[in-house]
Amino acid sequence: MTRYWAEHAWIGSDRAESGVLIEVRGDRIAAVARDVAPPARDGAIELRGLVLPGLANAHSHAFHRVLRGRTHRGGGTFWTWREDMYALAERLDPDAYRALARAVFGEMALAGITCVGEFHYLHHGAARYDDPNAMGHALIAAAAEAGIRITLLDTCYLASGFGDPPEGVQRRFSDGDAAAWAGRASALRDAPHARIGAAIHSVRAVPADQLSTVADWARERGAPLHAHLSEQRAENEACLAATGRTPAELLDEHGALGAHCCMVHATHLTHDDIERLGGTTVCMCATTERDLADGIGPARALASPLCLGSDSHAVIDMFEEARAVELDERLRTERRGHFSAAELLRAATNHAAIGWPEAGAIEPGAPADLVTVSLDSVRLAGAGPDTLLESAVFAAGAGDVSEVIAGGRRIVHEGRHETLDVAAELRAVLA
Ligand SMILES: [Zn+2]
């Protein structure tokens with residue numbers, strides 16, 4: 001049994017509590033007590049600052065981290081950025097990807113992320129690997145090395161557009177058809193730190209007659225099913241032209257919406273799409289959406305639970321993702337106050353969307369994932385105890401995370417990863 005005493009902690013209400021004692025047995029929280037005076041030599045480890053549950057990064061493509069800065073000179077569009085991303089995908093093999101992903105997941109750990117939903121479609125080499133899941137296994141191993149949990153959202157990707165076969169590096173993403181995708185994905189196994197989910201890359205990349213194979217695979221296993229949805233207007237227009245339906249209609253028709261499903265972006269939706277998505281989780285990736293000039297999704301209009309993802313990793317900072325959901329609404333509506341800080345933190349800690357419904361809260365039975373936000377930096381110094389959640393959501397940055405405990409194990413101490421020199425690893429792999 002390990003006991004932690006948090007100076008302040010968010011245990012689910014609209015404000016932080018002071019003096020919270022958290023007892024951890026193995027990898028789980030055993031007990032939580034509030035209004036506990038500072039411990040005097042009774043063995044509790046002090047966590048100074050604001051303690052949050054582990055943050056969930058529900059949408060990641062680890063290899064996109066390479067493009068940070070390198071695609072930010074000049075202009076272009078989502079589609080020109082995608083060409084750079086494809087050129088990179090061509091160069092990765094399982095060993096290179098494991099090293100890259102370990103560094104990226106290490107950066108996530110430093111940012112307080114204790115679980116990642118890795119939307120994984122980089123399946124094959126120029127020739128098939130001996131282990132057809134070599135790339136997925138590399139990602140699962142990388143997460144373990146970084147000390148975080150992972151949901152490998154194994155992604156079906158079969159086409160370059162409506163009626164068009166995959167071309168160029170997209171051939172490395174494709175299993176041929178959804179049945180072959182399902183056969184390969186079925187060979188993946190859960191591990192203590194890893195669960196397997198499914199993804200439909202998009203309605204562009206999975207032909208309509210293949211969608212229900214992926215949807216059924218996920219439903220039969222009780223696994224999460226993710227899909228990119230309506231990130232770009234061009235996708236909507238092509239989908240309407242090819243099928244007479246919006247992407248949300250098409251996915252709904254093939255069983256790919258519902259409580260176990262998560263639609264990523266959901267930027268350009270009709271009123272009917274918004275109603276159709278009620279009950280389906282939506283993953284907002286605000287820093288990527290603004291980086292790629294996608295547009296602003298209708299976060300407040302959705303009746304969906306929200307989760308958050310750093311997606312292309314233009315930055316990895318869940319505080320920035322959280323506040324951007326509110327701040328984007330402000331820019332659009334010229335009004336403040338659409339989401340409370342607690343609502344935004346619930347989105348930032350939504351593990352159910354990636355298949356860990358027991359995680360994301362500081363309560364008995366939950367995995368012992370504790371993230372301490374230091375109040376010592378110039379950004380948060382002087383924060384008021386009654387408005388700590390607002391200070392954290394609207395002013396904290398990933399660099400303010402000082403301590404991270406994931407599954408009962410300390411992985412970050414005083415702002416440094418316990419086992420990895422993350423910056424050195426990033427420098428080495430990016431070189
Ligand atoms: Zn994505």
Side-chain angles (χ1 to χ4, degrees), residues 56-68 71 77-86 88-89 92 97 100-101 104-105 108 113 115-123 135-136 139 150-161 169-170 172-174 197-206 214 224-236 247-248 251 256 261-269 280-297 299 306-318 320-321 324-325 347 350 353-354:
N57 191 355
H59 188 67
S60 160
H61 311 280
F63 74 99
H64 291 190
R65 169 66 177 82
V66 179
L67 302 173
R68 183 185 298 176
T71 54
T77 65
F78 169 88
W79 307 100
T80 59
W81 172 88
R82 194 178 70 152
E83 292 308 314
D84 294 329
M85 184 266 285
Y86 282 170
L88 167 65
L92 287 169
Y97 204 10
L100 171 59
V104 176
F105 295 155
M108 289 185 196
I113 293 160
C115 192
V116 60
E118 180 65 26
F119 195 107
H120 167 57
Y121 54 84
L122 235 176
H123 301 304
M135 290 294 249
L139 290 163
I150 183 171
T151 301
L152 188 75
L153 298 160
D154 195 287
T155 303
C156 186
Y157 193 125
L158 305 171
S160 70
V169 71
Q170 291 170 340
R172 297 191 181 200
F173 311 159
S174 176
I200 290 164
H201 179 276
S202 58
V203 294
R204 279 183 280 122
V206 180
V214 185
L225 173 65
H226 286 221
H228 290 128
L229 176 72
S230 295
E231 181 177 6
Q232 288 284 319
R233 292 181 195 279
E235 172 186 316
N236 288 358
L251 290 170
C261 300
C262 176
M263 296 298 112
V264 181
H265 304 302
T267 308
H268 301 287
L269 300 180
T280 300
T281 300
V282 168
C283 184
M284 311 298 290
C285 305
T287 66
T288 293
E289 288 149 11
R290 70 194 186 199
D291 184 53
L292 297 179
D294 289 340
I296 301 171
L306 297 182
C307 59
L308 306 175
S310 66
D311 189 5
S312 68
H313 313 311
V315 296
I316 295 176
D317 186 334
M318 301 311 289
E320 183 63 37
E321 299 295 341
V325 171
N350 181 345
I354 46 176

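Below, each value reflects all heavy atoms present in this structure, side chains not excepted, and no hydrogens, waters or symmetry copies. Whatever order the structure lists them in is the order used to number ligands and atoms, beginning at 1. Small disclaimer: the values here were computed from a predicted structure and weren't measured.
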Could you confirm whether H265 has any N/O/S atom lying under 2.8 Å from the Zn ion (ligand 1)?
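No, since none of the N, O or S atoms of H265 sits under 2.8 Å from the Zn ion (ligand 1).
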Is the distance between the Zn ion (ligand 1) and the nearest N/O/S atom of H59 smaller than 2.8 Å?
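So H59 counts as coordinating the Zn ion (ligand 1), yes.
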Salt-bridge criterion met for R204 and E231 (N-O under 4.0 Å)
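Not counted as a salt bridge, because no side-chain N and carboxylate O are separated by less than 4.0 Å.
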Does the ring center of H61 lie less than 6.0 Å from the ring center of H228?
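For H61 and H228, the ring centres are under 6.0 Å apart.
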Name the one of T155, D154, L153 that satisfies side-chain contact (heavy atoms from CB on, under 4.5 Å) with Y121?
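It is T155, the one option of T155, D154, L153 that forms the side-chain contact (heavy atoms from CB on, under 4.5 Å) with Y121.
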What's the atom name of the N, O or S in D311 nearest to the Zn ion (ligand 1)?
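The atom in question is OD1.
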Is it the case that the side chain of D294 and the backbone of Q232 share a donor-acceptor pair, with hydrogens and angles ignored and the cut-off at 3.5 Å?
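Not at all, since once roles are kept as given, no pair shorter than 3.5 Å links the two residues.
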